[in-house]
K.L.:
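First the structure, which I've put down as structure tokens, then a few questions once you've had a look.
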Amino acid sequence: MSRSPYVYSRLIAIMIAAVGMTTTVAHADSPPTPPQLLDASPPSKNILSLPDGSLEILYLQRGKQCVSIRSTDGGETWSQPHAEFPFTKSGAGIPVTLVDRDGELHAILTVRRGDGRKPTVDYFIDIWHCRTSKKRTEWSEPQRIFAGYVGSLNGITQLPSGRIVLPHQYWVPGRKSTPPTGSHIVTTTYTDDGGKTWTQSPAELTAPCEANYIGSNYGACEPCMLPLKDGRAWMLMRSQTGYMYQSFSPDGADWTPAEASPFIASNSPASLLRLSDGRIVVFWNNCENPSRVDGAPIYTSRDALHVAISEDEGQTWQGFREVVRDPLRNESPPKQGDRGTAYPYSAETPEGDIILATGQGGGRISLMRIDPDWITASTAADDFSGGLEGWCTFKPFGPAARYWRDRTTGPVLIEHPSQSGKQVLQVRRPDEKPADEAVWNFPAGRTGRLTLRLKQQPGFQGGRIVLADRFIPPGDPVTDKLAAFVMPLSADGEIADHEWHSIELSWNLDQRVCRVKIDGTSATELPLVNSHSDAVSYLRLASTADEIDEAGFLVESVRVDVTEP
């Protein structure tokens, strides 16, 4: 089958929504390119960088064969599907792929077995493997390498020794999804002969479960891994603790006991990528899961996917940027199935850009190109000239039932009261639904300065400015417990004259304080609310009106300058 190029159809409305129009600056004379949406609905997400610099995606034509599509222009255009190998088993999942050091391609697939509904009893998900030979011209016969019940696979890795390692989870027969460590164990299955034979690691990695957690208490699951320059392998695992869990190994077989990593996470998996310049990139949901904190039956937060980058083998990180926001985040979610921005897969182009595929559910899959310099930008600003696509402004309302809750539009843009052709953000409480709240991400910093232009409208009934270290859905009350700094806005306070004011918040987490200036004059100091905050990366603008407040307050612009990432 020929590989003639063609361009996938694009969903223009989602293109803007996924990226947003927020300006970011790394250096005054060379701003980095913001993330670009290349295609709204790739057939699969397991992007692979081939030795010749092209990109390839393998996916299954159900019950028939595995096919591939290829791009030679960094993901802009793709070939027609090319047949790779027959695979007729039903219930097979997305293949994960690896090009080994000999240039041969390995494909790992999950395959359902059994007609029942009880995992490890009458329902199984096994792991299968096949590989190419003769310079990727022939495929081996697929073989089962693990029998049991596994979850999503998030990558396969080759160590410098040549060992190929697949990290995965499995459901322990007879174990319930309850404390202390849930129903799952994380381990690895590896091969030292290029995939002819496979061995299961003796490692049994677990993460604690919380008794009040509302949802599936699987424990540690859905791992990814990466070789480090010191000879160790590093693994990140999904957990229900509010953090990614991590483990280290000298050989991919023996692993240290799992422990909490520095990454806040909402019970969602991560993706790790080593760039050609040596830096490490991690994609994950830096989101709080409200059900973990207050026991509410709310679907785990996956409204935003984040990225961070390390130049020192994971000792320190920069960025914590929203790279994808759910393009359908302002709508009431579907009542069945997964949704959001989770399950990322990434690769590097010959030009040094990152290609990312991520998302769950109809209309939510995004294929992005990312400039690594954008991740390390130290400044971000927004004057709303590009709309609200860089913000999360949805408003949850009504009771939560079975992990579902209604949503509607929250804060909106209105015409600037005195400048023709400009728009400002209005935050208020226009009806009996919860009050407005707008959420905006910026480069993470232990110290930095945020400046915004704000005006309280006549009739304003209260609001607040919040700095935080993670994404929390707008309007969620867990913000009260997890915010870094909170600045109340009162109807009779210092800026109650209904004029525009410049508010500057300079935070310093080492000193546990945020100093506030209004129009250049020192006004107050805000204490650190959440002592566990490692960096500030979020602005939250909220109305706190107890009754209908149609006026609220206006925001003209916002800018952040980080001084210590």
Side-chain angles (χ1 to χ4, degrees), residues 207-208 210 212-214 239-246 259-268 284-296 298 300-304 306 308 316-322 380 392 396 435 437-450 452 462-489 503-516 524-544 558 560 562-565:
E210 300 183 21
N212 66 337
Y213 184 81
I214 305 297
S239 82
Q240 294 81 59
T241 64
Y243 289 86
M244 301 297 300
Y245 259 55
Q246 65 182 4
E259 61 183 3
S261 79
F263 296 102
I264 294 166
S266 63
N267 192 16
S268 305
W284 85 112
N285 296 99
N286 182 33
C287 304
E288 184 54 66
N289 186 2
S291 65
R292 181 188 72 87
V293 180
D294 58 16
I298 302 295
T300 185
S301 179
R302 294 173 177 174
D303 289 289
H306 299 77
T316 60
W317 295 87
Q318 291 178 268
F320 294 74
R321 308 298 307 278
E322 286 183 357
C392 283
E437 185 165 19
V439 178
W440 182 67
N441 171 252
F442 53 83
R446 289 194 61 78
T447 64
R449 181 178 64 255
L450 183 145
L452 69 159
R464 64 180 181 177
I465 302 169
V466 175
L467 300 180
D469 65 349
R470 69 198 75 183
F471 177 88
I472 302 171
D476 198 290
V478 302
T479 302
D480 297 334
K481 301 177 182 178
L482 300 177
F485 300 102
V486 178
M487 177 183 172
L489 300 173
I503 300 177
E504 179 183 295
L505 293 85
S506 297
W507 74 90
N508 187 315
L509 289 178
D510 295 322
Q511 298 177 5
R512 304 168 64 89
V513 69
C514 179
R515 297 176 176 88
V516 180
T524 188
E525 292 188 354
L526 307 174
L528 182 63
V529 176
N530 179 8
S531 61
H532 297 291
S533 298
D534 287 328
V536 170
S537 60
Y538 269 97
L539 168 67
R540 305 175 66 89
L541 301 170
S543 166
T544 56
V558 58
V560 170
V562 171
T563 52
E564 182 187 350

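Note that the structure is predicted; figures quoted are calculated from it, not measured.
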K.L.:
Counting C-beta onward and ignoring hydrogens, is there a side-chain heavy-atom pair between R512 and S531 closer than 4.5 Å?
P.N.:
yes
K.L.:
Does any part of the side chain of R321, heavy atoms only, come nearer than 4.5 Å to the side chain of P443, both counted from C-beta?
P.N.:
yes
K.L.:
Taking the six-membered ring for Trp, are Y538 and H306 parallel (under 30°), tilted (30 to 60°) or perpendicular (over 60°)?
P.N.:
perpendicular
K.L.:
I472 versus V439: any side-chain heavy-atom pair under 4.5 Å?
P.N.:
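The answer is no, as the side chains (C-beta and beyond) never meet within the 4.5 Å cut-off.
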K.L.:
Find out whether I465 and L489 are in side-chain contact, i.e. whether some heavy atom of one side chain is under 4.5 Å from a heavy atom of the other.
P.N.:
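In contact.
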K.L.:
Kindly assign one of parallel, tilted or perpendicular to the pair F320 and W284, based on the angle between their ring planes and the thresholds 30° and 60°.
P.N.:
perpendicular
K.L.:
Taking the side chain as C-beta and beyond, is there a heavy-atom pair between L528 and V513 under 4.5 Å?
P.N.:
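The answer is no; the side chains never approach within 4.5 Å.
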K.L.:
Do the charged groups of D480 and R464 touch, with an N to O distance under 4.0 Å?
P.N.:
yes
K.L.:
Does D303 have any side chain to side chain donor-acceptor pair (under 3.5 Å) partners at least two apart in sequence or in another chain, and if so, which?
P.N.:
R407
K.L.:
Students often mix this up, so state it plainly: with edges at 30° and 60°, are the rings of W507 and F442 parallel, tilted or perpendicular?
P.N.:
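Ring orientation, 0 to 90° scale: tilted.
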K.L.:
Under the 3.5 angstrom rule, does the side chain of T479 hit a backbone N or O of A483 as a donor-acceptor pair?
P.N.:
no
K.L.:
Mark yes or no for whether S261, through its side chain, and Q246, through its backbone, hold a donor-acceptor pair below 3.5 Å.
P.N.:
no
K.L.:
Would you call N441 and F471 a side-chain contact if the rule is heavy atoms closer than 4.5 Å?
P.N.:
no
K.L.:
Donor-acceptor check, side chain of S266 to backbone of T300, threshold 3.5 angstrom: yes or no?
P.N.:
no
K.L.:
Do the side chain of Q240 and the main chain of N267 share a donor and acceptor less than 3.5 angstrom apart?
P.N.:
no
K.L.:
Out of L467, D469, L482, which one pairs with S533 under the side chain to side chain contact (heavy atoms under 4.5 Å, CB included) rule?
P.N.:
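When side chain to side chain contact (heavy atoms under 4.5 Å, CB included) is applied between S533 and each of L467, D469, L482, only D469 qualifies.
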K.L.:
So do E288 and D476 actually touch side chain to side chain, heavy atoms under 4.5 Å?
P.N.:
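Not in contact.
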K.L.:
So which heavy atom on D510 is nearest to which on N508, and how close?
P.N.:
N-OD1, 3.0 Å
K.L.:
Quick one, L450 and F485 - any side-chain contact, counting heavy atoms below 4.5 Å?
P.N.:
no
